[in-house]
Amino acid sequence: MGSSSGNGKQDNGERVSNAAADLVAARNQLLDGGVPRNPRLDAESLRSALVDLFELWLTSKGAELGITADSGLAVVAVGGLGRREMLPYSDLDLVLLHDDVDPARVAEVADQLWYPLWDAHIKLDHSVRTVPQALRVANDDLIAALGMLEARHIVGDVELSNLLIGGVRREWRTGIRNRFDELIAQAQARWQRSGEIAHRAEPDLKNGRGGLRDIQLLDALAVAQLTDAMPGLGPDVPGGGVKQAQRRLLDVRTELHRVAGRSRDQLRAQDADEIGAALRIGDRFDLARTLSDSARTVSYSVDVGLRTAANALPRRGLARLRRMPVRRPLDEGVVEHAGEVVLARDARPQRDPGLILRVAAASAQTGLPMSATTLNRLSEDAPELREPWPKDALNDLLVLLGAGRGTIDAIEALDRTGLWGRLLPEWGAVRDLPPRDALHTWTVDRHLMETVAYASALSTRVARPDLLALGALLHDIGKGRAGDHSVVGAELATHIGRRLGLWPSDVRTLSAVVRHHLLLPETATRRDLADPETVQFVVDALDGDGQLLELLHTLAEADSLATGPGVWGDWKASLIGDLVRRCRTVMAGLELPTPEPIAPDLLAKAAAGGVHVDLKPGDGKYTYVVTVIAPDAPGLLSDAAGVLALHSLRVLSAALGGEGESAVNTFVVSPKFGDPPDAGLLRQELIRAIAGDLDLPALLAKREREATGVGPSRYAQAQPRMIWSPASMPGQVILELRAEDRVGLLSRLAAAFASCGANVRWAKVVTMGSAVVDAFCLELGADDGVQRRAAIEKAVLDVVPRPAPKTDTAVSDTVS
């Protein structure tokens with residue numbers, strides 16, 4: 001704060017006595033603890049003792065100078081002393097208030113108060129103000145206002161101090177709407193300068209994101225009555241919540257002062273071991289883990305606080321006349337309200353264990369944050385998922401993991417409120433675990449989330465994007481435990497895969513992905529690729545499994561990209577690519593898709609002719625099986641899939657076939673919310689669609705806008721991929737499409753094929769989370785040429801979700 005009394009000493013013929021020498025001596029005695037007569041104080045006790053010491057000196061000095069209850073003078077502390085957080089070498093930040101006192105008297109008192117502190121080399125930030133002057137400074141200077149919000153009376157006229165403290169807080173509350181944008185901009189600029197404490201090798205404990213300044217920001221929002229200073233994060237929050245995080249940050253900063261022998265905010269690597277030992281935390285890695293947990297808890301709380309505050313800001317002008325925000329359905333029991341993902345009014349968390357994942361998946365896909373109230377309610381009320389997980393819960397997990405960068409924020413929110421650890425108890429060993437390798441930018445848990453985000457952009461490279469996503473999430477889950485983390489992780493992945501309800505063969509593949517996730521990069525960079533034994537070593541390690549090789553190849557890239565800058569490059573990519581190509585020449589090729597057999601009762605209905613629609617419950621709580629039998633004609637698949645999409649039925653899988661003149665199409669669907677429509681209604685709508693009485697493209701576009709709240713479709717994470725393979729019948733070809741899902745995608749694809757004159761003979765459609773792997777047997781006749789396939793690819797590319805335009809290309813392969 002500025003000074004109105006000056007820093008220069010007045011030469012009046014005598015020196016002001018250094019009456020603060022006893023203060024310095026007492027402080028040094030507190031810091032020099034460790035001998036029998038003067039035991040070493042722990043960090044919290046030291047701060048408390050320093051507060052008492054400085055208050056005692058100021059109170060005594062004030063009484064000596066005549067700063068009494070009726071003197072018209074008062075000393076107010078801000079900063080560390082004001083917050084009762086006095087650190088060994090903190091600045092002493094004081095305001096001398098005066099009211100109708102002779103200026104000469106004020107100057108004399110100020111000199112006799114400040115000079116002893118200067119002479120004792122105590123860092124002093126001081127000012128001399130009247131209450132109106134101080135209020136004007138707070139009104140003009142945001143930093144000064146934030147400091148005065150922490151003001152506390154020390155000595156003198158308490159009514160004068162209360163006028164300042166009450167006035168600053170009152171004007172802060174009434175003026176917060178006009179200062180809120182500046183407050184956010186200031187915080188963001190500070191974060192940009194100082195970085196994130198959780199992921200910095202030498203973090204700034206005071207100014208970094210997740211540091212002590214952010215806790216003061218929460219306090220300022222609480223003074224404005226916009227949010228709680230210490231928001232509750234749920235009963236299972238790791239680390240004990242914001243209050244505990246604040247204490248740990250203060251403890252580390254206290255010991256940093258004690259070790260450095262001066263004021264310091266940045267924790268240096270060479271001091272970390274000593275500070276960790278002094279706090280009985282452990283070595284520098286244990287200290288880094290503690291700081292990461294504390295900082296991420298504070299960061300999440302600040303995000304919640306700022307969001308809550310923004311929604312609570314008083315409206316003015318025309319904004320006061322706006323209607324309340326509309327609640328837009330996102331999933332069963334999940335809606336958007338006021339820019340947040342919240343529970344629907346009829347949601348029953350106590351009876352719906354999968355609701356946690358549906359909320360998180362909706363958040364990750366839309367980019368909207370989950371309401372803190374919703375997360376707290378889920379923490380308190382949602383029961384444990386039974387084992388094995390229902391298929392619906394596994395699918396929602398895959399949707400969450402396939403949402404790109406949105407996945408990171410969603411999982412972080414779940415983790416900071418204790419919900420992620422409930423879903424994945426094994427996460428506790430890697431939570432906030434610092435890397436041992438300087439190449440790694442992130443903590444282990446954040447690295448896993450980053451890998452998942454990168455893997456989602458590569459998901460169309462593999463036939464099993466679900467196993468890629470799970471492998472990315474779990475590939476380092478064995479760290480933080482004794483033994484080789486790949487071996488330990490493989491065993492954990494087996495247990496987790498069984499808990500998730502994967503097929504035994506998929507559990508084995510997932511375990512192998514975790515066990516061998518380092519095999520390709522380590523072999524490619526350390527062994528001779530021209531040596532046949534090198535290739536055979538890899539093939540033998542993978543038991544000749546080409547699908548596993550494909551998963552490991554893609555995971556190697558995602559893992560490297562998530563490690564840090566420069567870890568993945570052309571050299572590494574070319575080496576691993578060369579190794580994979582050599583292995584593929586040794587391994588047998590993957591089996592081509594084949595049509596599903598049709599049940600005898602459906603064959604009988606098909607032979608009888610007519611239009612039939614049957615709907616019955618499926619294997620999962622929210623899944624149903626819809627069977628459509630109708631005269632086979634171009635456009636039938638598009639019409640049937642379009643009708644399902646119009647009634648908010650998401651196609652999870654489909655098997656398409658036929659018998660005689662009839663098509664037999666079976667869809668496994670899941671309602672977006674609520675119960676499915678009656679089968680009779682679906683039949684009538686299908687008949688209208690076949691007759692051309694429904695404008696399906698327009699209706700689907702409208703439904704998609706309602707579902708996403710944006711244009712036709714959000715950008716995809718991964719490039720769509722089309723793989724051409726020969727079929728067993730002449731004139732037919734198999735097209736495998738790997739892409740991301742969207743509303744009515746199957747209907748749009750069928751229409752695209754029809755527009756190119758390609759007849760779908762059979763199809764197998766599978767949706768894995770937000771990814772689809774669809775195989776279509778197309779009848780092209782004699783005109784199966786490059787131009788015909790290119791036209792089909794263009795038509796498909798026009799309807800599938802794609803990445804941003806700068807990378808707008810599809811990948812096409814031909815399998816001979």
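Only a predicted model underlies this, so the values are computations on that prediction, with no experimental measurement involved.
You'll find the side chain of M449 stays beyond 4.5 Å of the side chain of T407, heavy atoms only. T509 places none of its side-chain heavy atoms less than 4.5 Å from the side chain of W503. E740 places none of its side-chain heavy atoms less than 4.5 Å from the side chain of V772. Two residues are said to be in side-chain contact when any heavy atoms from C-beta on lie closer than 4.5 Å; L555 and Y454 fail this criterion. Within the 4.5 Å cutoff, the side chain of L267 has heavy atoms near those of the L291 side chain. Inter-residue side-chain proximity for V535 and C583 is flagged as met; some heavy-atom pair is nearer than 4.5 Å. Two residues are said to be in side-chain contact when any heavy atoms from C-beta on lie closer than 4.5 Å; L375 and Y300 meet this criterion. Counting heavy atoms from C-beta on, the side chains of W427 and V444 never come closer than 4.5 Å.
Side-chain polar atoms of W191 and D214 form a donor-acceptor pair below 3.5 angstrom. With hydrogens and angles left out, the side-chain atoms of T290 and R248 include no donor and acceptor closer than 3.5 Å. For the residue pair T525 / K572, no side-chain donor-acceptor distance below 3.5 Å is found, with atom types taken as modelled. A donor and an acceptor atom, one from each side chain of W724 and E793, are located under 3.5 Å apart. No side-chain donor-acceptor contact under 3.5 Å links H517 and D559.
Put simply, CZ on R508 and CG on D545 are 10.5 Å apart, with the number rounded to the nearest 0.5 Å. If you take CG on L473 and CD1 on I496, they are separated by 7.5 Å, rounding to the nearest 0.5 Å. With rounding to the nearest 0.5 Å, the separation of CG in D396 from CG in D331 is 6.0 Å. Between L542 atom CG and L548 atom CG the span is 4.5 Å, to the nearest 0.5 Å. Atoms CH2 and CG, on W420 and L414 in that order, are 7.0 Å from each other to the nearest 0.5 Å. Of the inter-residue distances, the one linking L520 atom CG with L551 atom CG reads 11.0 Å to the nearest 0.5 angstrom.
A salt bridge is defined here as a Lys NZ or Arg NE, NH1 or NH2 lying under 4.0 Å from an Asp or Glu carboxylate O, and D432 with R296 meets this definition. The pair E426-R481 fails the salt-bridge criterion, with no side-chain N (NZ, NE, NH1 or NH2) lying under 4.0 Å from an Asp/Glu carboxylate O. Under the 4.0 Å criterion applied to side-chain N and carboxylate O atoms, E550 and R464 are not assigned as salt-bridge partners. Between K479 and D445 no salt bridge is recorded (no basic side-chain N to carboxylate O distance below 4.0 Å). With respect to the salt-bridge test (charged N to carboxylate O, under 4.0 angstrom), the residues R307 and D303 do not qualify. Using a cutoff of 4.0 Å between basic side-chain nitrogens and carboxylate oxygens, E450 and R446 are scored as salt-bridged. The pair R527-D531 fails the salt-bridge criterion, with no side-chain N (NZ, NE, NH1 or NH2) lying under 4.0 Å from an Asp/Glu carboxylate O. Salt bridge status for D741 with R650: present, with a side-chain N to carboxylate O gap under 4.0 Å. Using a 4.0 Å cut-off between charged side-chain N and carboxylate O, R284 and D273 make a salt bridge. E412 has a carboxylate O that lies under 4.0 Å from a charged side-chain N of R416, or vice versa, which qualifies the two as a salt bridge. No salt bridge links E202 with R268; every basic N to acidic carboxylate O contact stays at or beyond 4.0 Å. With respect to D286 and R289, no salt bridge is recorded, no charged nitrogen being found less than 4.0 Å from a carboxylate O.
Checked by atom type and distance alone, the side chain of S292 never pairs as donor or acceptor with a backbone atom of A288 at under 3.5 Å. Between the side chain of T563 and the main chain of H440, no donor-acceptor pair closer than 3.5 Å is present. A donor-acceptor pair is defined here as one N or O able to donate and one able to accept, closer than 3.5 Å; such a pair exists between the side chain of T460 and the backbone of Q719. With hydrogens and angles disregarded, no donor-acceptor distance shorter than 3.5 Å links the side chain of R190 to the backbone of G195. Side chain of R422 to backbone of S379: a donor-acceptor contact under 3.5 angstrom is found. The backbone N or O of L492 lies less than 3.5 Å from no partner atom in the side chain of H495, so there is not a single donor-acceptor pair.
Atom CD of Q270 is surrounded by more than 12 heavy atoms from other residues, nucleotides or ligands within 6.0 Å. Atom CD of Q192 has 12 or fewer heavy atoms from other residues, nucleotides or ligands within 6.0 Å. Within a 6.0 Å radius of CG in D528, other residues, nucleotides and ligands contribute more than 12 heavy atoms.
Residue pairs meeting the salt bridge (charged side-chain N to carboxylate O under 4.0 Å, His left out) criterion with at least one partner in residues 510-522, sequence neighbours excluded, do not occur; the list is empty.
When the side-chain contact (heavy atoms from CB on, under 4.5 Å) test is applied to D204, the partners found at least two apart in sequence or on another chain are S194, K206, N207, D265.
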Verdict with reasoning, L287 to D283, per side chain to side chain contact (heavy atoms under 4.5 Å, CB included): CA-CA 6 Å; L287 179 62; D283 62 12; over 6 Å; no
Step-by-step salt bridge (charged side-chain N to carboxylate O under 4.0 Å, His left out) determination, E736 to R738: CA-CA 7 Å; E736 180 180 320; R738 302 174 185 176; 2.7 Å; yes
Candidate pair E557 and R461, rule salt bridge (charged side-chain N to carboxylate O under 4.0 Å, His left out), full reasoning: CA-CA 11 Å; E557 180 172 346; R461 294 187 186 179; 2.6 Å; yes
Trace of the side chain to side chain contact (heavy atoms under 4.5 Å, CB included) decision for V488 with H485: CA-CA 5 Å; V488 175; H485 81 277; 5.6 Å; no
CA sep, side-chain torsions, deciding dist, call: T494, S511, side chain to side chain donor-acceptor pair (under 3.5 Å): CA-CA 5 Å; T494 298; S511 178; 3.2 Å; yes
Salt bridge (charged side-chain N to carboxylate O under 4.0 Å, His left out) assessment of D774 paired with K764: CA-CA 6 Å; D774 299 345; K764 291 174 66 174; over 6 Å; no
Residues S363, V341; criterion side chain to side chain contact (heavy atoms under 4.5 Å, CB included); working and verdict: CA-CA 6 Å; S363 172; V341 176; 4.1 Å; yes
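Ring to ring, H447 and H199 are not that close: their centroids are 6.0 angstrom or more apart.
Annotation for L519 and A541: closest pair CD2-CB, 3.9 Å, computed over non-hydrogen atoms. Closest of all the heavy-atom pairs between G404 and A453 is O-CB, 3.7 Å. In terms of heavy atoms, A364 sits closest to L400 at CB-CD1, 3.7 Å. Residues P720 and A739 approach most closely at CB-CB, 4.2 Å, considering heavy atoms. Nearest heavy-atom pair across S456 and S459 is O-OG, 3.2 Å. Shortest non-hydrogen contact noted between G471 and V513 is CA-CG1, 4.0 Å.
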